[in-house]
Amino acid sequence: MYRGGSSYASGSRTATRRHADYGRTYVVRPKGRHRATVVWLHGLGENGASWYQLLETLPLPNIKWICPTAPTRPVALLGGFPCTAWFDVADPSLDGPDDADGLEASAAHIANLLSSEPADVKLGIGGFSMGAATALHSASCFAHGRYGNGGRYPINLSAVVGLSGWLPCSRSLKAKVESSQEAARRAASLPFCCVMEQGTEWFPINREKGLRRR
């Protein structure tokens, strides 16, 4: 099934004021007892249906999967060609610029999708490629307890998964986490899994160093 698209200015007004039109959100309902809800984020140029069809076949009866669709926007990496993207990207490297506003808007939209889940259900975020980058940015918001502009991050995450992605805003993340004992504790307590294809440019080193270029 799917939910209709929405016009979204901030997800919560504490995140960002950028306007974005999100597409259809596809939902795979749990076939057994509902124990966890995971928002799964597609890659650049894809949509929620791309992963919905696969996730529906997995033998994981206790998980509810939410597969949203990113807004369509011009992407600098593609010469300004418009396609579905969680944020703008020109260069996915440590030295590349970060679209902080786009990342914040998507992180807040994802938090909105999880905000109505039952209190006894564990919450997670995962994704592929750009979706993985967005999931890892949401994890950094959780660790810090706030969005980049200071607004409170409202979701208590239990797990984060990234497939073939990268870590946005990595230059400032370490300082943010190390500036707060609570942020360091939350970062250390959050289970996450990062998986890279053989031959990809980015790969995880360890929890402290995050993602480094090969």
Looking only at non-hydrogen atoms, find the nearest pair between [X] and [Y] and report the distance.
| X | Y | value |
| --- | --- | --- |
| S189 | R186 | OG-O, 3.0 Å |
| P68 | L41 | CG-CD2, 3.7 Å |
| H42 | A70 | NE2-N, 3.0 Å |
| V27 | Y52 | O-CE1, 3.4 Å |
| L103 | C169 | CD1-SG, 3.8 Å |
| L190 | S158 | CD1-C, 3.9 Å |

Going by side chain to side chain contact (heavy atoms under 4.5 Å, CB included), name the residues that satisfy it together with [X], two or more places apart in sequence or in a different chain.
| X | answer |
| --- | --- |
| A184 | V177 |
| A159 | none |
| L77 | V75, V89, P92 |
| P30 | H34, K64 |

**Request:** List in chain and number order the residues that pass ring-ring contact (aromatic ring centres under 6.0 Å, His included) with W65, two or more places apart in sequence or in another chain; answer none if no residue qualifies.
**Result:** none

**Criterion side chain to side chain contact (heavy atoms under 4.5 Å, CB included) on L78 and L44, from CA distance to verdict** = CA-CA 10 Å; L78 304 179; L44 180 65; 4.1 Å; yes

Only distances under 3.5 Å count here; give the side-chain donor-acceptor pairs of residues 121-145 to other protein atoms, sequence neighbours excluded, each with its distance to 0.1 Å.
{"unit_1": "T134", "atom_1": "OG1", "unit_2": "M130", "atom_2": "O", "d": "2.9"}
{"unit_1": "H137", "atom_1": "NE2", "unit_2": "E104", "atom_2": "OE2", "d": "2.9"}
{"unit_1": "S138", "atom_1": "OG", "unit_2": "T134", "atom_2": "O", "d": "3.2"}
{"unit_1": "S140", "atom_1": "OG", "unit_2": "H137", "atom_2": "O", "d": "2.6"}

For [Y], does its backbone N or O pair with a side-chain atom of [X] as donor and acceptor, under 3.5 Å?
| X | Y | value |
| --- | --- | --- |
| T69 | R24 | yes |
| D88 | D99 | no |
| E46 | G43 | yes |
| N62 | R33 | yes |
| R73 | W86 | yes |

**Message:** Side chains of Y147 and P154, heavy atoms from C-beta outward: is any pair under 4.5 Å?
**Reply:** yes

**Asked** Are V28 and W51 side-chain neighbours, meaning at least one heavy-atom pair lies under 4.5 Å?
**Response** no

Which distance, rounded to the nearest 0.5 Å, do you find between the [atom1] of [X] and the [atom2] of [Y]?
| X | Y | atom1 | atom2 | value |
| --- | --- | --- | --- | --- |
| N47 | C67 | CG | SG | 10.0 Å |
| L114 | H109 | CG | NE2 | 10.0 Å |
| T57 | L55 | OG1 | CG | 7.5 Å |

**Request:** Would you please name every residue forming a salt bridge (charged side-chain N to carboxylate O under 4.0 Å, His left out) with R185, sequence neighbours left out?
**Result:** E182

